[in-house]
Amino acid sequence: MARPHGNMPPVRRPKNAGKTLLRVVGYAGKLRIQLILVAIGLIISSGANVAGTYFLKPVINRYLVPFIGQEQVDLSGFIRILLVMAGVYLAGVIASYGYNRLMLNIATRSLKKIRTDLFSAMQQLPIRFFDTHTHGELMSRFTNDTDTLREMLGNGIPHFISSFLSVSGVFIMMLVLSPALTVLVLFMLAIMLFVVKTVGGKSGLYFKKQQQELGRMNGYIEEMIEGQKVVKIFSREKRVNEDFDALNESLCEAATNANSFANVLMPIMGNLSYLHYALTAVVGGIMAVMGVSDIGTLGAFLQYTRSFSQPITQISQQFNSILSALAGAERIFALLDEPKEEDHGTVTLVRACRGEDGTLSESENGPLWAWKQPTDEGYRYIEVLGDVRLENVTFGYEENKIVLRDVSLYAKPGQKIAFVGSTGAGKTTITNLINRFYDIAEGSITYDGIPITDIKKPDLRRSLSMVLQDAHLFTGTVRDNIRYGRLDATDEEVEEAARLANAHSFIRHLPQGYDTVLTADGGNLSQGQRQLLSIARAAVADPPVLILDEATSSIDTRTEALIEKGMDKLMAGRTVFVIAHRLSTVRNSNAIMVLEHGKIIERGDHDSLVADKGKYYQLYTGSFDMDLD
């Protein structure tokens with residue numbers, strides 16, 4: 001079994017970390033008042049820590065040193081300064097708690113907006129995009145990448161700013177206290193920054209690789225869950241485990257390397273800070289003995305030294321998480337920036353009624369469907385008849401791989417057109433072009449004389465209803481799944497559609513009938529029952545044109561015979577395109593198109609094609625696995 005995820009893009013650094021960061025901050029910037037309060041809280045918190053430490057100098061010089069050897073001392077001044085220190089630190093604690101709470105709210109609301117934009121953008125992407133991206137890869141944008149982004153907004157950025165403010169304030173105070181000792185601090189700082197750049201850079205690379213490997217593994221797990229029956233049918237459990245072990249090993253290796261570098265950074269920084277503290281104490285002690293400095297200054301400076309090293313260590317901690325988050329954010333914004341499905345159509349689909357003079361006019365409850373086409377004078381209404389024509393259409397999913405070659409065909413209103421042929425001949429591709437899942441490279445497709453590129457895509461697709469080979473059901477009741485075809489359908493219309501598709505009988509025998517809740521894509525139903533619900537969903541939509549893509553492929557011949565009359569009722573008066581391997585489903589078609597290698601090699605009705613004894617005759621007489629009923 002080929003590995004489906006072996007073509008993942010190589011690991012790379014964010015192309016523009018600054019631009020990505022600005023876009024992230026742009027989401028948070030919509031909560032301006034809260035951000036202003038956070039900024040005030042950060043300043044007060046950092047300032048309180050810096051100011052509180054400076055009080056050590058007067059405490060030592062004015063009260064502790066003079067008290068040495070004294071039997072009776074006046075503690076009133078000492079108590080006052082301690083109360084002031086306590087007040088300053090308390091203000092810092094309250095400000096710290098406040099801005100952290102606010103940042104959690106800002107992060108949560110920002111991520112809500114990002115997820116909303118992400119999901120909305122995904123709905124506007126063309127089908128071609130989903131052909132080239134795995135489900136797991138897309139899911140990782142909503143899970144792994146947003147998780148790292150939440151960590152950055154809620155903790156990384158505020159702690160980074162807090163540390164920066166603290167370092168700046170402490171550095172200024174150290175210059176005020178002792179410029180000589182500050183030179184020693186700068187020397188040690190240079191060493192620390194070198195370590196952060198070297199070790200932290202390595203860690204950042206592996207954290208990005210970890211995100212990539214996690215996306216690959218999630219995609220593989222999802223595919224194996226969905227394809228578990230296939231795995232067991234072919235007894236591929238061992239191979240699946242081997243492939244998973246390989247993906248898991250790659251993730252493990254990336255995570256181990258990332259966390260190894262991240263974890264080793266802290267002990268290195270901690271030991272460097274201890275060394276820094278010891279050197280400062282020795283040099284400062286010598287200066288105090290020589291009379292160049294005093295004990296209070298040394299005590300405050302030593303405390304600043306600890307306060308200086310700690311934020312540097314915190315900055316190095318946040319460095320890795322911010323890098324990881326920016327890599328995830330870049331992946332999110334890359335999806336947001338994907339070209340949306342283009343739609344330059346101006347023609348819309350409306351309900352209409354016919355006046356006594358035969359002209360059409362728009363009416364919300366009108367019995368007819370009509371195209372509303374803008375003109376210089378206003379609008380022109382064209383009745384939707386279902387006249388679909390393809391002229392000299394050439395198309396390929398990839399530029400160098402042509403699937404359809406110079407295909408021309410027409411379907412008159414109310415006709416049933418069938419496509420037959422070998423797998424890969426281009427049958428489904430034609431229907432994908434009619435509903436504009438893909439746009440053609442050459443030729444034209446018209447719908448009631450209107451180029452389909454002039455029709456708005458939602459309106460075009462509203463006029464078409466498709467029953468796919470793989471019926472997909474959503475979590476919800478049976479009634480909701482049928483009503484998905486037309487959300488304003490009444491309960492009576494839903495049940496009528498079920499009767500039309502011959503699904504009413506089995507639905508009544510479900511535990512709660514139409515109110516039975518389906519989960520796991522209707523896993524508690526048979527494949528045939530799921531397909532019947534899919535047909536009922538198409539029926540309730542009441543479209544002018546119907547496309548059946550292997551619609552009865554999962555239904556046994558007995559069930560197929562039961563729904564044949566219902567399907568005839570559903571197809572009555574509609575233009576219908578049918579793709580089928582079972583020739584029994586296409587024999588009553590007005591025209592049958594036989595495709596081979598992207599070309600129509602035969603066309604005609606069942607009797608004429610059998611009489612010609614060509615490709616269709618070979619299919620019908622059993623050269624392929626066809627139903628001969």
Side-chain angles (χ1 to χ4, degrees), residues 385-390 393 404 407-435 437 445 447 461 463-471 485 500-502 528 531-532 534-539 541-557 559-596 600-610 615-617 619-620 624-629:
L385 300 174
D387 186 301
V388 180
R389 299 173 183 267
L390 282 74
V393 170
L404 297 179
V407 171
S408 296
L409 61 91
Y410 63 87
K412 293 181 178 179
Q415 282 191 331
K416 180 181 179 181
I417 309 298
F419 301 111
V420 299
S422 306
T423 300
K427 306 183 297 295
T428 299
T429 299
I430 291 177
T431 60
N432 285 340
L433 295 180
I434 292 174
N435 58 36
F437 281 164
I445 303 176
Y447 192 156
R461 291 165 186 169
S463 74
L464 305 166
S465 195
M466 291 188 71
V467 180
L468 302 175
Q469 181 177 5
D470 297 320
L500 197 63
N502 209 46
Q531 195 67 292
L532 289 174
S534 182
I535 293 171
R537 186 162 59 195
D542 190 27
V545 176
L546 186 64
I547 298 174
L548 305 176
D549 188 352
E550 305 286 0
T552 58
S553 63
S554 301
I555 300 174
D556 57 78
T557 52
T559 305
E560 182 182 356
L562 289 175
I563 69 169
E564 187 170 322
K565 291 183 179 180
M567 290 293 292
D568 287 340
K569 292 179 182 177
L570 175 62
M571 292 185 287
R574 293 184 172 90
T575 303
V576 181
F577 294 96
V578 180
I579 300 172
H581 282 300
R582 290 182 179 178
L583 296 189
S584 60
T585 62
V586 302
R587 284 183 300 187
N588 64 345
S589 300
N590 298 102
I592 300 172
M593 309 290 172
V594 183
L595 282 89
E596 192 70 34
I600 298 176
I601 59 173
E602 296 178 13
R603 70 183 75 199
D605 60 19
H606 172 76
D607 293 335
S608 64
L609 289 175
V610 170
K615 185 69 174 181
Y616 180 83
Y617 176 80
L619 297 174
Y620 181 69
F624 290 83
D625 187 14
M626 297 289 179
D627 187 1
L628 302 181
D629 293 345

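Note: hydrogens, waters and symmetry copies are ignored here, and every other heavy atom, side chains too, is used.
- Remark: the backbone N or O of Gly421 is paired with a side-chain donor or acceptor of Lys427 at under 3.5 angstrom.
- Salt-bridge annotation for Arg574 and Asp542: present, with a side-chain N of the basic residue lying under 4.0 Å from a carboxylate O of the acidic one.
- With hydrogens and angles disregarded, a donor-acceptor distance shorter than 3.5 Å links the side chain of Arg461 to the backbone of Asn435.
- Within the 4.5 Å cutoff, no side-chain heavy atoms of Ile434 are placed close to those of Tyr447.
- Tyr617 places none of its side-chain heavy atoms less than 4.5 Å from the side chain of Leu609.
- Proximity of a side-chain donor or acceptor of Glu596 to a complementary backbone N or O of Ile601 within less than 3.5 Å is not detected.
- Put simply, CG on Leu404 and CD1 on Ile600 are 8.5 Å apart, with the number rounded to the nearest 0.5 Å.
- Rounding to the nearest 0.5 Å gives a distance of 10.0 Å between CG of Leu464 and OG1 of Thr431.
- The nearest pair of heavy atoms linking Ile417 to Gln415 is CD1-OE1, 3.8 Å.
- To the nearest 0.5 Å, atom CG of residue Asn432 and atom CG of residue Asp549 are 7.5 Å apart.
- Between Ser463 atom OG and Leu546 atom CG the span is 11.5 Å, to the nearest 0.5 Å.
- At least one donor-acceptor pair closer than 3.5 Å links the side chain of Gln531 to the backbone N or O of Leu468.
- Glu602 places a side-chain N or O within 3.5 Å of a backbone atom of Lys615 that can act as its donor or acceptor partner.
- With values rounded to the nearest 0.5 angstrom, Thr575 atom OG1 is found 13.0 Å from Lys416 atom NZ.
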Side chain to side chain contact (heavy atoms under 4.5 Å, CB included) evaluation trace for Leu409 with Ile430: CA-CA 10 Å; Leu409 61 91; Ile430 291 177; 4.2 Å; yes
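- Within the 4.5 Å cutoff, no side-chain heavy atoms of Ser589 are placed close to those of His606.
- Nearest approach of Leu500 to Ala539, heavy atoms of both residues: CD2-CB, 4.0 Å.
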